[in-house]
Amino acid sequence: SIDMYLDMGGTNEARGQSSTVTFAPEPSKRMQVLEITTIAPSGARNTNLPIEENFTLEMKCEVREKIDGAFIIVAITNQDGMRVADFMEIDSNQHAMSARTPGTYTISVSIPGIFNAGTYGARVTIERGDEVIEQTNEISFKIVDNKPRIYRMHLRGSIMPKADWETKKI
């Protein structure tokens, strides 16, 4: 089917999208993102991600010298370029501000399935206080909706978290 074809990783390269974006080493940076990869809930590297399901952004980072207090921010933008969500390492990783020693690391973040169908970008920034150590270009990905709907998704906002609702007759 067409959906299965679109979900195949090879087609992303054909359309100018890749599930992994690689950045050239810049030895002058104390800490640098070398790769960003989008990973579907199935564990496959893919830029077409199912709506309402968590996915993973995996970053390959190189620490070139010991650094204290550096943390990672992932900013998500919608297809209009509007920043719609930030995920900050220091919000949920108590060790984020600890000293990072030289070496190559894999850092991953689980992105909650709160995004409406559409095309998005993710940019990674490494900060230390007021200092921006690293800021990458965006990796593009699509949230794909293959579920039957009784309403038009394209008229909804970029963020669609599920809320608990209750109706009581009074």
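By convention here, the first residue in the shown sequence is residue 1. This one's a predicted model, so the numbers in the text were calculated from it and none came from an experiment.
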Notebook entry, point to check: Just wondering, more than 12 heavy atoms not from K147 lying within 6.0 Å of its NZ?
Noted result: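 Buried by this count: over 12 neighbours within 6.0 Å.
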
Note to self: Are more than 12 heavy atoms, taken from residues, nucleotides or ligands other than K60, located less than 6.0 Å from that residue's NZ atom?
What the structure shows: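 It does not: K60 NZ has 12 such atoms or fewer within range.
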
Item checked: Cluster link I72 to L34, ILVMFWY, side chain under 4.5 Å -> no

Note to self: If hydrophobic clusters are built by linking Ile, Leu, Val, Met, Phe, Trp and Tyr wherever their side-chain heavy atoms come under 4.5 Å apart, do L57 and I39 end up in the same one?
What the structure shows: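 No: no chain of side-chain contacts under 4.5 Å links L57 to I39.
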
Item checked: E62: partners by salt bridge (Lys or Arg N to Asp or Glu O under 4.0 Å), with sequence neighbours left out ->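 In terms of salt bridge (Lys or Arg N to Asp or Glu O under 4.0 Å), with neighbours along the sequence ignored, E62 is linked to R64.
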
To the nearest 0.5 Å, tell me how far [X] [atom1] sits from [Y] [atom2].
{"X": "T56", "Y": "R45", "atom1": "OG1", "atom2": "CZ", "answer": "11.5 Å"}
{"X": "D86", "Y": "T77", "atom1": "CG", "atom2": "OG1", "answer": "10.5 Å"}
{"X": "M59", "Y": "T37", "atom1": "CE", "atom2": "OG1", "answer": "9.5 Å"}
{"X": "E138", "Y": "I76", "atom1": "CD", "atom2": "CD1", "answer": "8.5 Å"}
{"X": "S18", "Y": "I36", "atom1": "OG", "atom2": "CD1", "answer": "11.5 Å"}
{"X": "I143", "Y": "L49", "atom1": "CD1", "atom2": "CG", "answer": "5.0 Å"}

Restricting to non-hydrogen atoms, name the atom on [X] and the atom on [Y] that form the minimum distance, rounded to 0.1 Å.
{"X": "C61", "Y": "I107", "value": "SG-CD1, 3.9 Å"}
{"X": "N54", "Y": "G113", "value": "OD1-N, 2.9 Å"}
{"X": "F23", "Y": "V21", "value": "CZ-CG1, 3.6 Å"}

Show me the donor-acceptor pairs, under 3.5 Å and distance only, between side chains in residues 118-133 and residues at least two apart or in other chains.
{"residue": "Y120", "atom": "OH", "partner": "N116", "partner atom": "O", "Å": "3.0"}
{"residue": "Y120", "atom": "OH", "partner": "S158", "partner atom": "O", "Å": "3.2"}
{"residue": "R123", "atom": "NE", "partner": "T136", "partner atom": "O", "Å": "2.8"}
{"residue": "T125", "atom": "OG1", "partner": "Q135", "partner atom": "NE2", "Å": "3.3"}
{"residue": "R128", "atom": "NE", "partner": "D68", "partner atom": "O", "Å": "2.5"}
{"residue": "E131", "atom": "OE1", "partner": "R30", "partner atom": "NH2", "Å": "2.7"}
{"residue": "E131", "atom": "OE2", "partner": "R30", "partner atom": "NH2", "Å": "2.5"}

Note to self: Is there a salt bridge (Lys or Arg N to Asp or Glu O under 4.0 Å) between E89 and R100? Walk through the geometry before answering.
What the structure shows: CA-CA 14 Å; E89 185 183 23; R100 296 181 194 254; 2.6 Å; yes

Checklist line | T38 side-chain N/O to N46 backbone N/O, donor-acceptor pair under 3.5 Å | finding: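 Yes, because the side chain of T38 sits within donor-acceptor range (under 3.5 Å) of the backbone of N46.
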
Check: Judged by atom type as modelled, is there a donor-acceptor pair below 3.5 Å linking the side chain of N78 to the main-chain atoms of D80?
Finding: yes

Notebook entry, point to check: If we only count heavy atoms from C-beta on, is the I159 to F115 side-chain gap below 4.5 Å?
Noted result: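 They are in contact (side-chain heavy atoms under 4.5 Å apart), so the answer is yes.
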
Next item on the list: Evaluate the ring planes of F55 and F141, with Trp represented by its six-membered ring, and classify them as parallel (under 30°), tilted (30 to 60°) or perpendicular (over 60°).
Entry: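 Ring orientation of F55 relative to F141: tilted.
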
